[in-house]
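I have placed the structure first, in the form of structure tokens, so that the comments after it can refer back to it.
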Amino acid sequence: MSTPEPPGRPPDLRLVPAALAAWAAVLVGLGLGPVAASVVAGFATAAGQVGALRGSRVLVAAAAFAAAPGLVVAAHDVHVAQHPLRPAAGAGAAATLRVVATDDPRRIRAAVPGAAQVLVEAGLVHAEAAGSGWRTGGRVLLIAPADGWAGLLPGQELTAQGLLAPAGRSDLTVAVLRVRGAPAAVAAPPWWQTGAGVLRAGLRDAAAVLPAAPGGLLPGLAVGDTTRLPTEVEDDFRASGLTHLTAVSGANLAIVAGAVLALARLARSDPRWAALAGGAAVLGFVVLARPSPSVVRAAAMGAVVLLALALGRGRSAVPALAVAVLVLVLADPALAVDPGFALSVLATGALVLVAPGWAAGLRRRGAPRWAAEALVVPAAAFLATAPVIAGLSGQVAPVAVLANLLAVPAVAPATVLGVLAALVSPLSPVAAQVCAWLAWPAVAWLVEVADRSAAVPDAALPWPDGVPGGLLLTLVLAVLVLCWRARRGRALLVAVLLGLALVLVPTRVVPPGWPPADWTVVACDVGQGDAIVLATGDPGRAVLVDAGPDTGPVDACLDRLGVRSLALVVLSHLHADHIGGLDGALRGRSAGGVAVGPVRVPDGGLAAVARVTAGRGVPVVALAAGQRLEWPGLALDVLGPREPDPAPDPDDGTAVNDGSLVLRATTPGGTVLLSGDIELAAQADLVSSGVDLRADVLKMPHHGSRYTSVEFLNAVAPRAVLVSVGLGNTYRHPDPGLVGGLERAGVVVARTDRSGDVAVLVTDELVHRGDPLPARRRRAGGPGLSGRRGPRAPPRSWRARWRSGRCGRPRRRGS
């Protein structure tokens, strides 16, 4: 990092209001529609006139750059709303689309056994649906099988067939196509994409000589290629706040171009030639990493980082960043709601505005220059991006600061050597392998840092997600910074932190009373999956509906509840997030049987159940609609599926979900509807069948997916809902709009990702244990993800007031 600006020269912030105004105008337009965007443009025009009368150039510029994006995004909104494909998508019609891939296919991490799937972003060229055809543009999203699709390159034109679905994203996406089969009539990619593909393949082959974890990480670190990154390593990087290292960002470009500039300076080249070499390095890296929208965005941000850190031009860097934001949101308004764009802008702003001042302050206190810069860069980037990350993931990971600090020394050498290995691979595969071996120590260090950081107990703390969570953390960080800047505030801050430690640490170590004595139903926190325990009248005996994705969490939950015997285990359907923990549920417990529904696919799921039950000596029984099962204090009615397809496509996750068993449990605490993962079609079948769906408590279908109909919710009319969902899951479950609508309707919403295990009591109350599982998959045996049995946080409760016939705002009750 170069020497920062002298203290007397503050950065040039004149273009910042214009950039923020443009960004805000696009956000309003995308979030609220064309009318809101037009209103913003109108207000901006009026504000510009006021600024002109007062001679305020800053106000005039901000107003102009708010009005223009407002009009642009309003036009885009109208185009999307009136797109001819929208009605067909709303009806779920079959379609044939001719599209151009705009980004690399991204694998979908699904909990469903079967064929792997990828996500392909594309631009529409021609569409045929519902008996009509249109030659039109627009952004579409393809969900396709990995076989035949994973190798596509950006820029390739192809034909895809499948079923349309509405787009649930506010980024101008017209429709989603669930693809069936391989792509047809695939055109050749542009020559530069082919060349980039050859270099990336060469890097993968060179990295294959390393062990699996560092060998899969090196291509991701160098050029964003994560196709061979082990899932375990990916989980560790996410839990430790290092995920940004495996995605192409401005930092990658700054490292590569910075290395070129350093060589030019050592050779004492003319500054103009050095700048030209740096620009060539950025351009070459963009081609290598493929010029998709995300890489182009990273190139703009990386150019700003390079300008600020390599050339030491703080006053030029801020205007350049503002111009980059203005140009990008005007050229592609969808970037305004892209989390990666927000993270890039915030991190870059922190590096050019905050980091130099912090580094100078540490140097004045005697810290070496390299140590000061190594410390402030990850700290500034973490503080700037923490609100966005918290809003997206619903958690805060304080360990991320230390993890990023420890990762700093290894990132640059590993990135440079990885890029060098890609460049020399066509000429000499042996030389490329030598580069990979040289990068091995640095990459192995990063793997170790991520592994140790993710293993820290309670490394990721639960936090409200969405916009409220991001704003709340912004407020908290602002207060902390202000307190730290004041001498008296520092003392107050230290006292508050000590007080919190004295209060919170014992409550997270000393187990409180759990479970409550009068529980009837418990939604176990098993991560991204389902496991519902229903008490019978016999102490220590229960019925389990689904078993979650892993053996440890469900075993630990049953241990906490004192369940020694299972009258029955019901598997709603055979996806891995419902059957993966079956062996853990049966571990050390007798069971009357394992029940499955009429839909027996995927075959891999059925084989896994058969293997576990045979090993435990437990019979497998069948359930179908119309059956009733009774035990002391508990009755189960099987309501669905009503007319199941006995042999749906096992790779069609929606079809398998719609074959879920739907049960209504009658307990001393009220009725509970257990809906498996049913989606819109199965919900409509249940509603139209006339079967009584009313229940006091609803276990939300499919972890709170947005594919839940209002008609189904009205038919159930629950007073409380249980959402079994994993913290920081990649599916964005539960849907914020769905949860918000339920809460506004007065329904109590209890989520396992925020509350841990949730119990329904005989006294019409919901009580939660606290301490949700971290957003990380466990690797070794033991009782649970943390390796500890028993609760660590005090339970809290909400009174649902079911007997009064209404369910108001949740109230906390002492535990």
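These numbers come from a predicted model, not from an experiment. Numbers here simply count residues along the sequence, with the first being 1.
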- What is the minimum heavy-atom distance between Leu693 and Leu673, and which atoms define it? O-CD2, 4.0 Å

- Item | Pro230 to Gly216 - nearest heavy-atom pair and separation | CD-CA, 4.4 Å

- Message: Show, in sequence, the C-alpha distance, side-chain angles and deciding distance for Val621 and Leu568, and conclude whether the side-chain contact (heavy atoms from CB on, under 4.5 Å) test is met.
- Response: CA-CA 10 Å; Val621 298; Leu568 185 67; 4.3 Å; yes

- Message: I need the minimum non-hydrogen distance between Pro166 and Val176, along with the two atoms involved.
- Response: O-CG2, 4.0 Å

- Message: Would the distance check show the side chain of Gln683 and the main-chain N or O of Ser709 forming a donor-acceptor pair, the cut-off being under 3.5 Å?
- Response: yes

- Partners meeting salt bridge (Lys or Arg N to Asp or Glu O under 4.0 Å) with Arg611 (sequence neighbours left out): none

- Quick one: does Thr613's side chain have a donor or acceptor within less than 3.5 Å of a partner on Pro619's backbone? no

- Item | Pair Leu713-Leu698, side-chain contact (heavy atoms from CB on, under 4.5 Å): steps then yes or no | CA-CA 9 Å; Leu713 293 175; Leu698 168 66; 3.7 Å; yes

- Item | Value rounded to 0.5 Å, distance of CD in Glu711 from OG in Ser688 | 11.0 Å

- Task: State whether Asp559 and Arg589 are salt-bridged, where the test is any N-O pair (Lys NZ or Arg NE/NH1/NH2 against Asp/Glu carboxylate O) under 4.0 Å.
- Result: yes

- Task: State, with a plain yes or no, whether a side-chain heavy atom of Pro641 is found less than 4.5 Å away from one of Leu686.
- Result: no

- Item | Results of side chain to side chain donor-acceptor pair (under 3.5 Å) for Ser565 - residues two or more places apart only | Ser590

- Message: Quick one about Asp677 and His575 (side-chain donor to acceptor, distance below 3.5 Å, no hydrogens or angles considered), yes or no?
- Response: no

- Spatial distance of atom CG (Leu586) from atom CG (Asp555) [nearest 0.5 Å]: 10.0 Å

- Query: Taking C-beta and beyond as the side chain, do Val120 and Val179 meet within less than 4.5 Å on heavy atoms?
  - Reply: no

- Are side-chain heavy atoms of Asp525 and Arg769 found at a separation under 4.5 Å? no

- Task: Measure across Pro598 and Leu623 and return the closest heavy-atom pair with its distance rounded to 0.1 Å.
- Result: CD-O, 3.6 Å

- Task: Would you please name every residue forming a salt bridge (Lys or Arg N to Asp or Glu O under 4.0 Å) with Arg664, sequence neighbours left out?
- Result: Asp692

- Query: Are Arg642 and Asp685 close enough for a salt bridge, meaning some N to O gap below 4.0 Å?
  - Reply: no

- Query: What residues, two or more places apart in sequence or in another chain, satisfy ring pair (Phe, Tyr, Trp, His ring centres under 6.0 Å) together with His702?
  - Reply: His733

- Item | Side-chain (Thr752) to main-chain (Val725) donor-acceptor, under 3.5 angstrom | yes

- Message: Has Asp658 got a side-chain atom pairing as donor or acceptor with Glu679's backbone, closer than 3.5 angstrom?
- Response: yes

- Straight-line distance of Leu534 CG to Trp631 CH2, nearest 0.5 Å: 8.5 Å

- Task: Compare all side-chain heavy atoms of Leu544 with those of Val554 and state whether any distance is below 4.5 angstrom.
- Result: yes

- Query: Would you say the side chains of Gln528 and Asp577 form a donor-acceptor pair under 3.5 Å?
  - Reply: no

- Query: For the atom pair CG (Asn657) and CD1 (Ile678), what is the distance rounded to the nearest 0.5 Å?
  - Reply: 10.0 Å

- Query: Is a side-chain donor or acceptor of Ser755 paired with a backbone partner of Ala750 at a separation under 3.5 angstrom?
  - Reply: no

- Message: Could you work out, with side-chain contact (heavy atoms from CB on, under 4.5 Å) as the rule, every residue matching Ala535, not counting sequence neighbours?
- Response: Trp519

- Query: Side chain of Trp149, backbone of Leu119: donor and acceptor closer than 3.5 Å?
  - Reply: no

- Where is the tightest heavy-atom contact between Ala150 and Pro105, given as atom of each residue plus distance? O-CG, 3.9 Å

- Check whether any side-chain heavy atom of Arg106 lies under 4.5 Å from a side-chain heavy atom of Glu121, and answer yes or no. yes

- Does the side chain of Val599 reach to within under 4.5 Å of the side chain of His573, using non-hydrogen atoms? no

- Answer yes or no: is there a donor N or O on one side and an acceptor on the other, between the side chain of Thr671 and the main chain of Asp696, under 3.5 Å? yes

- Message: Applying side-chain contact (heavy atoms from CB on, under 4.5 Å) to Val697 and Val521, what does each step give before you reach the verdict?
- Response: CA-CA 10 Å; Val697 181; Val521 181; over 6 Å; no

- Message: More than 12 heavy atoms of other residues, nucleotides or ligands under 6.0 Å from CG of Asp538: yes or no?
- Response: yes

- May I ask you to decide if Gly740's main-chain N or O and Glu743's side chain share a donor-acceptor pair within less than 3.5 Å? no

- Task: Please report the closest heavy-atom contact between Asp104 and Leu152, naming both atoms and the distance.
- Result: OD1-O, 4.3 Å

- Can you tell me if Asp546 uses its side chain to pair, donor with acceptor, with the backbone of Ser572 under 3.5 Å? yes

- Item | Validation row: Arg560, Val522 side chains within 4.5 angstrom (heavy atoms) | no

- Full working for side-chain contact (heavy atoms from CB on, under 4.5 Å) between Val656 and Leu574: CA-CA 8 Å; Val656 178; Leu574 299 178; 5.8 Å; no

- CG of Leu561 to CG of Asp757, rounded to nearest 0.5 Å, is 6.5 Å

- Donor + acceptor pair across side chains of Asp583, Thr551 (<3.5 Å): no

- Message: Return the CG to OG1 distance between Leu761 and Thr667, rounded to the nearest 0.5 Å.
- Response: 10.5 Å

- Query: What residues, two or more places apart in sequence or in another chain, satisfy salt bridge (Lys or Arg N to Asp or Glu O under 4.0 Å) together with Arg628?
  - Reply: Glu630, Asp637

- Heavy-atom check, side chain of Val749 versus side chain of Val723, under 4.5 Å: yes

